[in-house]
Structures are given as C-alpha cells and as structure tokens.
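These notes are about the structure you will find just below.
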Number of protein chains: 2
Amino acid sequence: MSPRAPREAPGAPTIVDVARAAGVSKGLVSLAVNNRPGVAEATRLRVLEVADQLGWRPNLQARTLSTQTTYALGLVLRRDLRIVAADPFYPAFMAGIETVLTEQGRVLVLSVVGDEAAEERAYRTLAADRRVDGVFLNDLRHDDRRVPLLVELRIPAVLLGRPDGDAPFPCVVLDDAAGVTAAVHHLVDLGHREIAHVGGDPALLHARHRRRAFEEAVAERGLVPTAVVDTDFSMTQGAAATAALLAGRTRPTAIVYANDPMAISGLGVLQEAGVDVPGEVSVVGFDGTETARHTHPPLTTIRSDPQEWGAAAARTLLTLTASGSAPDVELAPAELVVARSTGPAPPARST
Amino acid sequence: MSPRAPREAPGAPTIVDVARAAGVSKGLVSLAVNNRPGVAEATRLRVLEVADQLGWRPNLQARTLSTQTTYALGLVLRRDLRIVAADPFYPAFMAGIETVLTEQGRVLVLSVVGDEAAEERAYRTLAADRRVDGVFLNDLRHDDRRVPLLVELRIPAVLLGRPDGDAPFPCVVLDDAAGVTAAVHHLVDLGHREIAHVGGDPALLHARHRRRAFEEAVAERGLVPTAVVDTDFSMTQGAAATAALLAGRTRPTAIVYANDPMAISGLGVLQEAGVDVPGEVSVVGFDGTETARHTHPPLTTIRSDPQEWGAAAARTLLTLTASGSAPDVELAPAELVVARSTGPAPPARST
DNA sequence: CTGAAAGCGCTTACAG
DNA sequence: CTGAAAGCGCTTACAG
C-alpha cells in the first residue's frame, strides 16, 4: 500500500477535500467548523454546507494528536469480582455517565482490575497513553493513595464522595448518613432496643460513613449498638456476620446492613435458621436495588440514585476538563424506603 | 502557548529525542522498537537501551494516526437498566475481557444505550470516529440487524453465540441447552410431571435456545410443558409470570426460569403466597449467580462461566483484528448445579 | 477576514 | 543496514 494511495476505496473525505470544494484553505475550514472567531459569516456557512454535502467528519485521531484531548473519560473498577457481580451500583452508575457522554460525542474507557498494584498500573497506563481526558475516582478510601497519584500524573479527576483529606479535585457527594439515621429511628420507633450493624469494608469511606451514622443515631436514642461487624461487602461475609450475630450473647432484634446483597444473604441465613423476619428479627438493607423489591419479605432499604450520581459526575468532570475547575455537587441524600422486612420488636424475652 | 514550546515542563521524550541520543534517524528507532527487519542487532539493542533510559514510550495517538489502529475494543450494551442492573453477567463478562486486554496494553470502550436507534448510532459513531479496532456482538438476536450494519461499517466483530443466519464473523459459543436439558431430567427424575418454563426475551437467541431445550427435554421424557411464558428477563416480569402460573388451571410442581433474577423474584412470589419451595413447587434458575447461593433455600441453577466467555471473546477478537480471521471457539457448556430449591414432586392431588 | 506553513509524534516506502 | 522525506489529518499562531 503506497502512502499516497487513499486507504479506503472512495476515500473518506478529509479537511483538504472540504477546503478544495469550498475554495478556501484547510486552516479556514478548521476555524469555521470549530466556531472560532475570524471567519466571515458567509464563508462559515458555505464551509459548513460543503462539509455537510461531502459528509465530512473531522478525524478524531488527527484532532487528538493536535489538541492533546481524547474526548474520552476513564473509569477504573477495583473490586473483587464476587462483589462487583452482585452489586447493581456500577451498571446504573455507568449508564448515568453514558447519558451525558453520548450526547457530547464522548466515550467511556473502562478498566477492571483485581488488586491495588494493578489499579495503579491502570491509571499510569491511561495517563502514559493519554487515553482519557479525566477519570472518575470511585470507592474513595481512607487516605486514598490515588489522589496523590493522579496529581502526579496530572490527570483531572472527579471524586465520588467527599474525601477525608485534602484533594485538588471537585467532588460529587451523595449523603449516605441521612438514610441510615432514618432507618435507626424507624427501628427504635418500632420498639427495637437491640440493633446491630453489618458494615462494609472499613477501608472505604462510604462504609465508614454508614457505620458512623449508625453508631451516632443509636447513641442519639440513648442506646448502644448490640454489635457492629465489618465485612468486605460480599454476600458471603454478610451471611457469616449474620450467623455470628445469631450465635452471639445478645441476639439483635434488628440488623442494618451496609448494602442490599448482604441484607439478602443475611435474610437467607435468618430464614434458614428458622428465624422469622420481621417477626423475630427486622432487616434493613442499603441501595434500594431491584432485587430488594422481590425478596420474601420485600426489604426495607435505603435508596440512592446511582444513575443520577453518574450523570452528575460526568457533567462535573467535563466541566473540569473544559475549564480547569468545577464546583462540588451535592445530590439528594439517600432515603429510607420502608417495606415488610421491618416490623415491631418482638416482646422482650429473658435470656 | 507557542507551538514550538514543549507542552510539558520537562517534556515527555519523543522519538526524536531517542534518535538523537542514539545517534540514528527516527525512522530507524521506529523499526527497532517495532521489531522490524532491516536493523542491525547491535543498533537495535542500543536504540532499545537509550529508549529505556530516557523512559520513552511511543505516543499512542501519533501511532494511531499513522497506523489506523486504536488498540481499543468496543462493547455496546443495549438493555433496559432494570435488567442490566440485576444481571451479574456483564460485570463478570467485562472482567474476563479485561484480563486479556490489560496484558496487551489494550483498552475497553463501553457504551450503554437504551433503545435500538441509540444502539445503531453508537456503532456508527464508534466506526466514524475510529474509536475501536473491533467490537463484541452480545445478546445476539434473531435476524440480527447489527450483523449487516457492522459489515457495512467494515468493523471486525466477534459474535457471542452462534448466529441464526450467515455472518462473516467468528463466534464464541457457550452451549445453554445442555444445562436446561439436565435440569428437566433432574426434575422428571424427582417425579415432576407438571413443569413450566419462564423464558426470557424471545427476541434474544439465547432465550430461544433455552426455551427450545426446555421443550425438547420435556418431550423427550414423554411429557408436555405445563406452560411456557415469555418475559423480558426482568425480575418484575418473572414475578408476574410466576403469579400467573400459580393462578393457572394446572399449577406446575416445578418451574425452570431463564435466569437467576427471575427465579429469585419467582421464589419471592411463591413464598409470599405461602407456597413451600421445594415442598410444593421446585425452582430452577439459570446463571449460577452468587445471589442464588444465598437465598432461602439456595437455588438449583445452571452455571456458566461468563468471565471465561469474555476472555475467549477478547482473544478471538484480537486474533481477528491482527490476522483478518479467527476460528470459532466452543466453551464448556453450562451445567446444572443442584441445591435445595428442587426436591421430590409433591403427591398428586385432585384438582 | 484569509492563506501558507509549521507542528502534533509517529510509520513507512524509497534511495543509497 | 541506514537516512531523509513524505504522509496520517487535523489545529494554530503568524503574516498579510
């Protein structure tokens, strides 16, 4: 294939074809289609019309090479597959991102990694290859090492949640605490005094927030938690934690889980053990997943809107890459949705 | 910013820097790092060493512009969000893709769309912008219009499953039928005579395959299906179908669902109606999800390996883009995993 | 308001 | 075996 021969039979039109057909230079075509000042209106219209007739679209790769922008955003998922697979958060979150990227001709580059080393490599590769104009920083962690990493790599980012340290990036926040607080009040109002929490992975900030909100709400009502158990957010550990609570000294009459999958596996453990839900133990999930609506009984849970979160984060990240800064965004807080897995506390029994 | 000034303070090294430092032309550097013939071994080694010292990586965008290859693969998801979110197939499938892309320095471009028009636009945009070197064709449909579309767009593809028409693309096949057949035999062996199927979306080939396998296996054992109901694969329709079966003239003693989420919502409906599982009705899912292991009772289901499917598809697509052709791949078939949601048929009762 | 030219950082025939 | 040059298809100061 000679370098002079067009690669495609008819040859997709290039900016040169448009310039020739419009009788102007290719530089002018570029100015015209990019709405830059310094082009007579009549000329602009003519160029646009010719471009349209020829069916010309600027070649993205060439534009990328010139402008150093890729029109792509990156998302790196680091999670145990068992956990990602059962967790409906990400599909909805990504769909939300897509709603805004699509209409902007942007694209999402996805990376799924297993451990922290692979995660760091993923960010470094995205940066070195200039694959993306910015990234979403999800599953924020305590003292998150990715923040200095992204600063070092000079890659713009939007944080999903409020970081616990300083970070030179805008954040999009969805308050978990309000829902947990409401759940605890709901349970206390139903007469529960022995309430336990099956928390998530304490390395993750949102797991910490949920746990702290639980502890504070319980204290606020003059109680102490019956137990608080950390997990990795997996159904397996949710089930194990539930079994441990059942076997413990004081059996809780209500359990607040840090996500729906664990609440569902907990429900399974309770029912397998012959414990009536909500007759003997009330169960509260977190997420407001589709599955939670279809269990027996349907789960009381705390609902957030991951799709809106994705959309807001994408808008913020695009603003950041375009202008160099973007304001923080506060989304509607997660809220309690009461279903039939919670009910009045059983009459107190002597141990 | 003058066009002569380097964009980054120290300036990431370019091929020119390497050529200068190694005392050769940049063309030779390119030949050396790409392992092309016509470079003296000693020269090649020297170039490589210098490149390494300078920390040079070829600029991906520039390479893309020259070679017209993007080192990226595309996946377009068109599904109702309610369904995607509850379905753990895609996270695992994408993780499988990533395992092979990552080690090849490739990247996955993801698009999530709602309807068929948006889907077509997504493929057209990927092609027009030359975002990807090839795409995964998932959720194969009857007489799939995407096949001629991709031919028209001249974009290589790998089919996930065997198409029902001709297609000039390799396919990676995972046989659904064997597992469904085994499930029916399992139920018949347990004494069931009234077996129903809650199928998936009949527009999708895999839903059709599962349904046909069900019907054939039932016939093979001299029975007729009690009922076969189509759905859209959502938990909601799975629940509705189950309620309809309960209310029907002949109540089935066993139900085979086309996916786990519907089996789970079906289980919820049965239990809410006071129907004992498996005492009165046996339930079989399809997918082998994590959730199915944690329900009460745990689900008998049909397990496949979506992660391996993703990895095999990625390997096939890379082979195709590299060499212009790739052989079809046949994966291990889905297999029955028996748990406690299936049991002996209840004694026959008079209606 | 417009044109001509250089530049983005690679790859690839073509000469020597 | 190596060098010099053209090409990929855009964008962007710089002159006029």
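Reckoned from all heavy atoms, side chains included, excluding hydrogens, waters and symmetry mates. Reminder, nothing fancy here: chain letters follow the sequence lines and each chain counts from 1.
Counting non-hydrogen atoms under 4.0 angstrom, B:I15 reaches a base of the nucleic acid. B:S30 comes within 4.0 angstrom of a nucleotide base, judged by non-hydrogen atoms across all strands. Using a 4.0 Å heavy-atom distance criterion, B:R44 is classed as making no nucleic acid contact.
For D:dG7, the OP1/OP2 oxygens have no side-chain nitrogen or oxygen of B:S66 closer than 4.0 Å. In terms of phosphate contacts, B:T67 brings no side-chain nitrogen or oxygen within less than 4.0 Å of OP1 or OP2 of D:dC8. For C:dT12, one of the phosphate oxygens OP1 or OP2 lies less than 4.0 angstrom from a side-chain nitrogen or oxygen of B:R36. A close approach under 4.0 Å does not occur between any side-chain nitrogen or oxygen of B:N59 and OP1 or OP2 of C:dC8.
Look at A:E119 and A:R146 and you find a salt bridge, because one of the NZ, NE, NH1 or NH2 atoms lies within 4.0 Å of a carboxylate O, short of that distance. A salt bridge links B:R124 with B:E152: the distance from a Lys NZ or Arg NE/NH1/NH2 to an Asp or Glu carboxylate oxygen falls below 4.0 Å. A salt bridge is absent between B:R46 and B:E49; no separation between the charged side-chain nitrogens and carboxylate oxygens falls under 4.0 Å. Residues B:R141 and B:D164 are not paired through a salt bridge, judged by the lack of any N-O separation under 4.0 Å between the basic side chain and the carboxylate.
Between C:dT11, C:dG3, D:dC10, one nucleotide has an atom nearer to the side chain of A:S25 than all others, and that is C:dG3. Comparing atom distances between the B:K26 side chain and each of D:dC10, C:dT12, C:dT11 picks out C:dT11 as nearest. Relative to the side chain of A:L28, the nucleotides D:dG9, C:dT2, D:dG3 differ in distance, and C:dT2 lies closest. Side chain of B:T43, nearest nucleotide from C:dT2, D:dT2, D:dG9: D:dT2.
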Requested in this report: With side chain to side chain donor-acceptor pair (under 3.5 Å) as the test, would you mind laying out the steps for B:D129 and A:Y71 before giving the verdict?
Outcome: CA-CA 11 Å; B:D129 288 349; A:Y71 305 94; over 6 Å; no
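Atom CG in A:L54 sits roughly 15 Å away from atom C1' in D:dG9 (whole-Å rounding). The CG-C1' distance, from B:L65 to D:dC8, rounds to 4 Å in whole Å. Going from atom CG of B:N35 over to atom P of C:dT11 covers 12 Å, rounded to whole Å. Computed from coordinates, the B:L60 CG to D:dC8 P distance equals 20 Å when rounded to whole Å. If you take CG of A:L31 and P of D:dT12, they are 8 Å apart, rounded to a whole angstrom. Regarding A:N34, its CG atom lies at a distance of 15 Å from the C1' atom of D:dA13, rounded to whole Å. With rounding to whole Å, A:E41 atom CD is found 9 Å from C:dC1 atom P. Atom CD in A:Q68 sits about 12 Å away from atom C1' in C:dC10, given to the nearest Å.
Closest of all the heavy-atom pairs between B:V18 and B:V50 is O-CG1, 3.9 Å. Minimum interatomic distance between A:D17 and A:P13 (heavy atoms only, all atoms of both residues): OD2-CA, 3.2 Å.
Comparing A:V24 and B:G27 along DNA chain C, the residue whose closest nucleotide (by nearest heavy atom) sits nearer the 5' end is A:V24.
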Report task. For DNA chain C, just give me the dot-bracket, please: Watson-Crick or G-U, both distances below 3.5 Å, ( ) intra-strand, [ ] crossing earlier pairs, | paired with another strand, . unpaired. Result -> |||.||||||||.|||
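In this structure, the side chain of B:T321 engages the main chain of B:L318 through a donor-acceptor pair within 3.5 Å.
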